[in-house]
There are 4 protein chains.
Amino acid sequence: MRVTRGNTGDTSEPAQRSLAASARRSQIVAAAIETIAELGYAQASFARIAERAGISSTRLISYHFGTKDELMDEIVVEIAQSADRMIAERVAEQTTAAGALHARIKAQLHWIARYPAHVQALYEISMNARGSDGSLRYGMAASARANVDALEPILREGQRSGEFRAFDTQLMALTIKSAIDAAIVRMWQPPRLSVEECVQEITTIAALATRRSS
Amino acid sequence: MRVTRGNTGDTSEPAQRSLAASARRSQIVAAAIETIAELGYAQASFARIAERAGISSTRLISYHFGTKDELMDEIVVEIAQSADRMIAERVAEQTTAAGALHARIKAQLHWIARYPAHVQALYEISMNARGSDGSLRYGMAASARANVDALEPILREGQRSGEFRAFDTQLMALTIKSAIDAAIVRMWQPPRLSVEECVQEITTIAALATRRSS
Amino acid sequence: MRVTRGNTGDTSEPAQRSLAASARRSQIVAAAIETIAELGYAQASFARIAERAGISSTRLISYHFGTKDELMDEIVVEIAQSADRMIAERVAEQTTAAGALHARIKAQLHWIARYPAHVQALYEISMNARGSDGSLRYGMAASARANVDALEPILREGQRSGEFRAFDTQLMALTIKSAIDAAIVRMWQPPRLSVEECVQEITTIAALATRRSS
Amino acid sequence: MRVTRGNTGDTSEPAQRSLAASARRSQIVAAAIETIAELGYAQASFARIAERAGISSTRLISYHFGTKDELMDEIVVEIAQSADRMIAERVAEQTTAAGALHARIKAQLHWIARYPAHVQALYEISMNARGSDGSLRYGMAASARANVDALEPILREGQRSGEFRAFDTQLMALTIKSAIDAAIVRMWQPPRLSVEECVQEITTIAALATRRSS
DNA sequence: AATGAATGAGTCTTCATTCAT
DNA sequence: CATGAATGAAGACTCATTCAT
């Protein structure tokens, strides 16, 4: 991992990205996501990303994004927004904690089913991108954190309202998030389950694991 | 230019490793595990491994293991055996499926707590080691497969004996495995839970998710 | 470990070489030819070529040519063109087969005398450059083939017109080509013969070996 | 090419090879010849030779031969003796220069046809083996010299006796040697000529090129 | 907004040879 | 007669980044 020195020498890098990201930027981000998803983080060199993006020189990437880390930052944000757009609204309209939990699991699984490359890429990046000191740039659980952070309030609310039993909310949130990850494998590797089947199984497990014992 | 042709090139690789792996081999494997766990797979170069092992030249590694892939193979086997030694016997003495499931979760979590570097390293290797065609050498779920394969028979037996309800055994196995992974995060990242607390939480969840509804 | 996948790895190899090969490319090709001629193919490492070319890093070579094989391809083409430019026209103006044969031998020998390094380098490359399967990249007779292919039509025409006797045209072409190679030794190793003396001897031999017996 | 330092340290290398070369030595020499013939000089590493010889360690090679150069020396001698045994006697019984020339060409071609690997290996070694100063260890024409040195006396005798016309005997010897080399290509690369056909063609050419004009 | 040229550090692997026993 | 262990040098090639225009 290279020591990032300030790019003092460069004279003409676009100082502030325009509000509407340029087509070039999107093109590169898309190519990077595909490349990372397919070949893995370590193999996703500027050269291979450029090749997939159909641009002649890697210089365009560093021109638009500066360093590789900055490109990754943008990718992570892009993917997170993609998921949020699809998930948040479906949860908002729920009134009970159990309903919100169910809705969130369902929406999450549907997003995963729809954007497999995004899932893979986010995973690769969060597990491999490291700073110059060797530590993970996005944290080992970066891909998890967003989901966990969104799940925990639901769980706490369920406990407060009496819908859910007592348990460690953070670990339960992690477990549900992990169960969703498990469903990814079940959806992608034969013998495959459908999205709906996974939703059925996971929501059942979540319900059993969280509800007050009768 | 490289005439790829097995590793015939290595002058005199020890043809048959002695039954008790040499001290040097163990030393290198241990250093490699530590390096991978701390810095990640991509950063675990021969140079860094050699440095940690306290040997003068990277040549010693390729001398003993041939290629990096072969070193990784040995590490994976070593780690798997380490886990098996600790887990298998504790499960064997159980008579009920629920008991076996409980014992396995507990033993697994204790192994994880005891050998964190092994866990990390196995994870890094299985997620990053790739063959020349770009595919994962140990499969995306390699670190999972062993556990899943061990869990599923327990679940099926539980369904057969009537202890467990009906569910997709493979997905349930994956989910339990993932719940254990989730506990890893909970054990390692503050605010930390103790091993016993994790055992308590996870076994409860597993019991609730699998038992016949009353 | 190496993910062999074309030379996608090179960050930004110049996509399309400008029509007039850049000065740098020519400089490197020239240095490579000299190095190969003097030290032999196996010793002509990027490091030694770079040193002779007076460039700071071997990276410049792989930047401009990608791989060593591609550099060799360029050298071979360059040398072949050099020879063709000098030889073809002198043969074209001949009207008889005997005349053409004589002209070709003469032109070939003059080219050899003038570009000894090119001759040596072409020889070294064709005899040593090998593909990943171990086979010769340019064929054992690559340096010969061009000459043989040029000679054979002349010989066949001579037989057709009745100037020449019956013989195996391919073997005769090979023999004449080899006789020219023999003259190389005679020109370069003491006691030396002059180019003209060699022309005289070889054309005499060729004439005697091909003409219709009286 | 490594600077050969005296092997002062080694305590037990066989000081003088026994008169009858040991079976091990022959085995290694044979494996080396095959390896060089098939893969080329540069690829004929100790490791690959050992592999083909079926011995476990390259140490055996350096044990028996000291350095690679010494192994090559032995190979060259071995091959030269092989050829001499087969050729010399057939020439000796000739009484005329033309007869001797004919006999030598024939015997040479038959040896080539019979020991193709020896031919290839000798060629590879003479063209590639270099000393620490970069110069060819056996000379560019090493494989040629023996034949040339044997041919020239025949040619001079033929000129003295009046059988042959005036020509540069050294160049003629080289040319005939080269014509034989040409026949190698003709014998080994399709469309193939038989040995006898090659003998016929080459001896005809040699006769036409050398005899007194009528 | 884009591009060509250049670069130094780093990767794994291969090499013949030497030190021990 | 044989072998296991170790080694330093060198190989081609890949990497993200910077300098120019």
Side-chain angles (χ1 to χ4, degrees), chain A residues 1-5 7-14 22 24 42-43 45-48 55-64 66-69 71, chain B residues 1-4 7-15 18 22 24 42 45-47 55-64 66-69, chain C residues 1-4 7-15 18 22 24 42 45-48 55-64 66-69, chain D residues 1-2 4-5 7-14 22 24 42-43 45-48 55-64 66-69 71:
Chain A
M1 194 52 49
R2 225 155 284 271
V3 175
T4 314
R5 20 216 201 293
N7 53 353
T8 57
D10 207 342
T11 57
S12 61
E13 188 165 330
S22 78
R24 259 294 148 70
Q43 283 70 41
S45 65
F46 276 16
R48 274 190 266 258
I55 56 182
S56 62
S57 165
T58 62
R59 184 64 183 83
L60 256 91
I61 304 178
S62 53
Y63 171 70
H64 279 290
T67 69
K68 191 166 191 178
D69 286 347
L71 171 58
Chain B
M1 185 62 15
R2 201 170 299 274
V3 179
T4 315
N7 61 348
T8 62
D10 203 350
T11 331
S12 58
E13 187 174 329
S18 49
S22 80
R24 258 293 149 67
S45 64
F46 275 16
I55 56 181
S56 60
S57 161
T58 63
R59 182 63 184 82
L60 222 67
I61 304 178
S62 54
Y63 170 68
H64 279 289
T67 69
K68 194 166 188 175
D69 285 348
Chain C
M1 182 65 11
R2 201 171 298 274
V3 178
T4 316
N7 60 349
T8 63
D10 205 348
T11 331
S12 60
E13 186 174 330
S18 48
S22 79
R24 259 293 148 70
S45 65
F46 275 16
R48 272 191 265 260
I55 56 182
S56 60
S57 161
T58 63
R59 180 64 183 81
L60 224 69
I61 303 179
S62 54
Y63 170 69
H64 279 289
T67 67
K68 195 166 187 177
D69 284 349
Chain D
M1 196 50 53
R2 225 157 284 270
T4 313
R5 20 217 201 292
N7 54 352
T8 57
D10 206 345
T11 55
S12 61
E13 190 165 329
S22 78
R24 259 294 148 71
Q43 283 70 39
S45 64
F46 274 18
R48 274 192 263 260
I55 55 182
S56 62
S57 166
T58 61
R59 185 62 182 81
L60 256 88
I61 304 179
S62 53
Y63 171 71
H64 279 290
T67 70
K68 191 165 191 178
D69 286 347
L71 171 59

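When reading the values below, keep in mind they use all heavy atoms of this one structure, side chains included, and skip hydrogens, waters and symmetry mates. Residue numbers start from 1 in every chain, and the chains themselves are labelled A, B, ... in the order their sequence lines are given, proteins ahead of strands.
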_Closest-nucleotide 5' rank along DNA chain F - winner of B/Thr58 and A/Ala42_ = B/Thr58
*Looking for any heavy atom pair under 4.0 Å, which part of the strands does B/Ser45 touch: base, sugar-phosphate only, or nothing?*
sugar-phosphate
_For DNA chain E, please output the secondary structure as dot-bracket, reading 5' to 3'. Pairs are Watson-Crick or G-U wobble, both atom distances under 3.5 Å; mark crossing pairs with [ ], other-strand partners with |, unpaired with a dot._
.||||||||||||||||||||
*Qualifying residues under side chain to side chain contact (heavy atoms under 4.5 Å, CB included), relative to C/Leu60, sequence neighbours excluded*: C/Arg24, C/Ile55, C/His64
_Using heavy-atom distances to pick each residue's nearest nucleotide on DNA chain E, tell me which of B/Ala47 and D/Lys68 is more 5'._
B/Ala47
*asked:* Here's a test of your reading of the structure: between C/Leu60 and B/Phe46, which maps to the more 5' nucleotide of DNA chain E?
replied: C/Leu60
*Taking atom P of E/dA2 as reference, at what distance in whole Å does atom CD1 of A/Ile61 sit?*
13 Å
*C/Arg24 side chain, from C-beta outward: closest of F/dC19, F/dG4, E/dA6*: E/dA6
*Given E/dT7, is OP1 or OP2 found less than 4.0 Å from the side-chain N or O atoms of C/Ser56?*
yes
*Kindly compute the distance separating OG (B/Ser45) from NZ (B/Lys68), expressed to the nearest 0.5 Å.*
6.5 Å
*Do any side-chain nitrogens or oxygens of A/Arg59 fall under 4.0 Å of OP1 or OP2 in F/dC19?*
no
*Compare the minimum distances between each of F/dG11, F/dC13, F/dT3 and the side chain of C/Thr67, then state the nucleotide with the smallest one.*
F/dC13
_Gap between atoms CD1 and P, on C/Ile55 and E/dT7 respectively (whole Å)_ = 8 Å
_Protein-nucleotide distance (B/Tyr63, atom OH; E/dA16, atom P), rounded to Å_ = 16 Å
*Mind listing the closest non-hydrogen atom pair of A/Phe46 and A/Leu71 along with its distance?*
CE1-CD2, 4.2 Å
*When you check the phosphate oxygens OP1 and OP2 of F/dG4, does a side-chain N or O of B/His64 lie under 4.0 Å from one of them?*
no
